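The next block holds one structure in the form of structure tokens; read it before the comments.
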Number of protein chains: 2
Amino acid sequence: MATIRDVAKAAGVSIATVSRVYNNQSLVSPQTTQLILKIADELEYVPNSAARNLIMRRTHTLGVLLPDLYGEFYSELIRGIELVAHRHGFQILLSSSFHGPEDIVMASKAMLGRIDGVIMMSPDKRSMRTAEKISGKVPVVLLNPGEPIEGCHVVAVDNFAGARAATKHLLDLGHRRLAMVAGPEDNIDALDRQEGFRRALIDAGLDPEEALVIPGDFRELSGFKAARVIMGQDPRPTAVFAANDGMAIGLMAALQDKGLALPDDMAVVGFDDITLAGFVTPPLTTVKVDAGCLGGRAVEIMLETLDMEETAPTQRVVLPAHLKVRSSCGIPAGRDHFSRRPWMEPEPHHPEKPVATEYGDEEVQP
Amino acid sequence: MATIRDVAKAAGVSIATVSRVYNNQSLVSPQTTQLILKIADELEYVPNSAARNLIMRRTHTLGVLLPDLYGEFYSELIRGIELVAHRHGFQILLSSSFHGPEDIVMASKAMLGRIDGVIMMSPDKRSMRTAEKISGKVPVVLLNPGEPIEGCHVVAVDNFAGARAATKHLLDLGHRRLAMVAGPEDNIDALDRQEGFRRALIDAGLDPEEALVIPGDFRELSGFKAARVIMGQDPRPTAVFAANDGMAIGLMAALQDKGLALPDDMAVVGFDDITLAGFVTPPLTTVKVDAGCLGGRAVEIMLETLDMEETAPTQRVVLPAHLKVRSSCGIPAGRDHFSRRPWMEPEPHHPEKPVATEYGDEEVQP
DNA sequence: ATTCAGCATGTAAAGGGTTTCATAAAATCC
DNA sequence: GGATTTTATGAAACCCTTTACATGCTGAAT
């Protein structure tokens, strides 16, 4: 592969001049620039990025560490991250599917020197300690950490409030026997959502210990299987809150298979508002989590931090999780003459429409 | 940040010795190794990856260029890529959301020197030329290219055969007035699927020009909107083939909103077999495309190529697209006593279950 | 004519590692 | 006990760039 030296030799100039053509053309005379560009093209010369990274100490790359990639949540998260990063000329160095804290440490070490910052979402609280190690080297933005980590920015989703609102909605609709399909037991989001559920029950004067909580793993099938447990109850719950939409949809499928009419025989509420949630029948009432926004916001905070040379105070952004009422919870009074899918907008999530500009209603906590 | 020099100085050894501790411990005496490790730990020294990349000419990183990240297909594709890459200690340098061929060239240039190879999926045929430029520098694996490119490996999904089989299935069920919701008109997969649809009609002695083809963009909403066009036809089609599951589900939602009973009033078939396809009601008949496998296989071919120093002959792997019959096409005779979701397996797509070992039925073309 | 600013370019020193080759000390051999 | 091999370490070259500084040159100002 041609190097800057080959080009310099062929053009009869020094490597410094070639370098200047690629970095600051105004420093080189037009004729020389043209000549070098022509020769570089013939030689198919492309500056070696690793070498530039090394000397410039700027990589235009963000490290992204995620616990998993399964499901639309992560899909949208990465999409949001990539979209904003791409817009600023940044690339993404991705690592995922960790088996433990050591694994995640290894991955982050392998990134050092090749990234300008790290955006990480921890699978569990234990692994969160990794962030402390990295934060001494490069800026870190944490996604939904259980608790804040010294020196790291945080962007979080208000899982607790969202779950509480969703549960309250069911209670307001008159339901008294509620069940929940929970997420993975070591997952921070899942835990927060479960807490929100319990809190809403307490708020309503019910005993959260009496509510049926079925373990799940965020996957559709675990929701599907949960139906059997629910159907076996006597008295049977009248409403179910699933910790994410995937499980909610799995649950709905199973309930419908067993002959239940939704939402009349059973109200179901999910969490995340994946795209498909609006397209199942009945449309799923859920809590909207803008995963793309979560990622996009994290990148913006990272880029801000990178722009300032002095270390800035750590930011903490909490994105709201809004209840999105559709039909699966039982159509609220006064809504039944609307189209079944009135929330439909012209072009949701369209690539042209920047995720990053939709943060109007976020709440910033100092 | 501590460098190898700092560690060497603190330990009273040369940088060569420190380097050897991290690369080939057997070259250094146990005592010295312990000392250096201890000091490195105190100094929080981590070898700079950019510097290693530069001199070793090995980055343990794969560049991934994708047209978009929207939807479960890309989600699973990346997941498959990452899973196999991770297992071999590789990281992923991701770039996506391109606005044109120049954009994609820029991105790939920014990767050079930081990657060992490129896995790329082109948004359109035009951009495919980019692959030629890169292939001179690093190995390239193309995902679903329109036509093969000199010097590049190819992993493709048999979109044509899949679409043909899906359409044939509808025809075999007795349907004669078919409609299709097509994908983006410059998208290679979408085009192949449309061709498969046409071919099946021709096979059945029908005129493909008479079949209604509604434009779509692979998103749920475009399927939802297509329902209006379909309902406006007279005589109305009795079956619809959607170019992907997202649009199929959107379509089903709209048809059900309009009061149609599925599959009796209208048969619907999708493409991709996203996880949710099995959980909508009625369960969606579709063509299974294992996106994770597609990505995983691409990584494996890449790693094989990287292992061999001489240039190996380019491989071409075509992954089959199997028809997956569920209920949305009208339950075939003899199936109606089965559970509505008989295909449910214990733990589909579980992370522990390696995507890479499921290639039993792929077809390799020399 | 001299001085000086400004421009185009070259020289050489980083940047942080790996690795070849050389060297000295220790272990092995006869 | 001297020759030879093995082992542990160091010196320096190298990977490919960027950039501070030096140089020579042109043209304007004095």
Side-chain angles (χ1 to χ4, degrees), chain A residues 1-37 39-40 43-61 108-116 136-138, chain B residues 1-40 43-61 109-116 137-138 309:
Chain A
M1 248 182 4
T3 73
I4 198 171
R5 239 165 284 271
D6 300 323
V7 177
K9 188 175 292 177
V13 299
S14 75
I15 58 169
T17 305
V18 178
S19 176
R20 279 190 274 257
V21 168
Y22 284 90
N23 293 288
N24 192 349
Q25 297 222 173
S26 70
L27 258 34
V28 184
S29 75
Q31 309 91 289
T32 313
T33 301
Q34 287 312 311
L35 174 66
I36 289 176
L37 250 22
I39 289 178
L43 263 41
E44 295 184 354
Y45 167 68
V46 178
N48 182 303
S49 300
R52 312 187 73 171
N53 290 172
L54 182 56
I55 197 162
M56 302 183 80
R57 290 128 170 287
R58 236 351 176 67
T59 63
H60 282 269
T61 303
S108 58
K109 280 188 177 176
M111 286 182 170
L112 241 51
R114 309 198 295 166
I115 49 166
D116 294 335
K137 317 258 181 194
V138 290
Chain B
M1 251 185 357
T3 73
I4 196 171
R5 247 162 276 270
D6 300 323
V7 177
K9 188 175 291 179
V13 298
S14 75
I15 60 168
T17 304
V18 179
S19 175
R20 278 190 274 257
V21 168
Y22 285 90
N23 294 288
N24 192 351
Q25 297 222 174
S26 71
L27 257 34
V28 184
S29 76
Q31 311 91 287
T32 314
T33 300
Q34 288 311 311
L35 174 66
I36 290 176
L37 251 22
K38 179 168 153 287
I39 290 177
L43 264 41
E44 294 185 354
Y45 167 68
V46 178
N48 183 304
S49 301
R52 311 188 75 174
N53 291 172
L54 182 55
I55 197 163
M56 302 183 79
R57 292 130 165 287
R58 236 349 175 69
T59 63
H60 282 268
T61 302
K109 280 189 176 175
M111 286 182 170
L112 240 50
R114 310 198 296 166
I115 50 166
D116 294 335
K137 316 258 179 194
V138 291
E309 40 278 351

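Model, not experiment: these values are computed from the prediction. Within every chain, numbering begins at 1; the chains are lettered A, B, ... in the order of the sequence lines, protein sequences first and strands thereafter.
Residues forming a side-chain hydrogen bond (donor to acceptor under 3.5 Å, both in side chains) with A:S29 (at least two apart in sequence, or on another chain): A:T32. Under the side-chain contact (heavy atoms from CB on, under 4.5 Å) criterion, A:Q25 pairs with A:V21, A:T33, A:L37, sequence neighbours left out. Qualifying salt bridge (Lys or Arg N to Asp or Glu O under 4.0 Å) partners for A:K9, counting only residues two or more places apart in sequence or in other chains: none. Residues satisfying the side-chain contact (heavy atoms from CB on, under 4.5 Å) test with B:I4, not counting sequence neighbours, are B:I15, B:V18, B:S19, B:Y45. Checked against side-chain contact (heavy atoms from CB on, under 4.5 Å), A:T3 has the following partners two or more places apart in sequence or in another chain: A:R5, A:D6. Shown here are the side-chain contact (heavy atoms from CB on, under 4.5 Å) partners of B:K38, two or more places apart in sequence or in another chain: B:E42. Every side-chain hydrogen bond (donor to acceptor under 3.5 Å, both in side chains) that A:R114 has, sequence neighbours left out, goes to B:N53, B:T61, B:Q91. With sequence neighbours left out, A:D116 forms a side-chain hydrogen bond (donor to acceptor under 3.5 Å, both in side chains) with A:T59.
Considering all non-hydrogen atoms of both residues, A:V13 and A:I36 come closest at CG2-CD1, 3.9 Å.
Boundaries of the chain B contact region on DNA chain C are C:dG16 to C:dT20, first to last in 5' to 3' order (nucleotide atom under 4.0 Å from a heavy atom).
Overall bending of the helix from C:dA1-D:dT30 to C:dC30-D:dG1, expressed as the angle between end axes built from five pairs apiece, is 50° (10° steps).
For A:S49 (side chain) and B:A110 (main-chain N/O), a donor-acceptor pair under 3.5 Å exists by modelled atom type.
Within residues 30-39 of chain B, no residue has a heavy atom under 4.0 Å from DNA chain C.
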Set out, in order, the CA-CA distance, both residues' side-chain angles and the distance that settles side chain to side chain contact (heavy atoms under 4.5 Å, CB included) for A:I115 and A:K137, then state yes or no. CA-CA 11 Å; A:I115 49 166; A:K137 317 258 181 194; over 6 Å; no

Begin from the C-alpha positions of B:N23 and B:R52 and carry the test side chain to side chain donor-acceptor pair (under 3.5 Å) through to its verdict. CA-CA 11 Å; B:N23 294 288; B:R52 311 188 75 174; 2.7 Å; yes

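Dashed line: the shortest gap from a side-chain N or O of B:S29 to OP1 or OP2 of D:dT7 is not under 4.0 Å.
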Nucleotide by nucleotide, 5' to 3', does protein get under 4.0 Å of the base (B), only the sugar-phosphate (S), or neither (-) in nucleotides 13-23 of chain D, counting heavy atoms? -BBBBBBB---

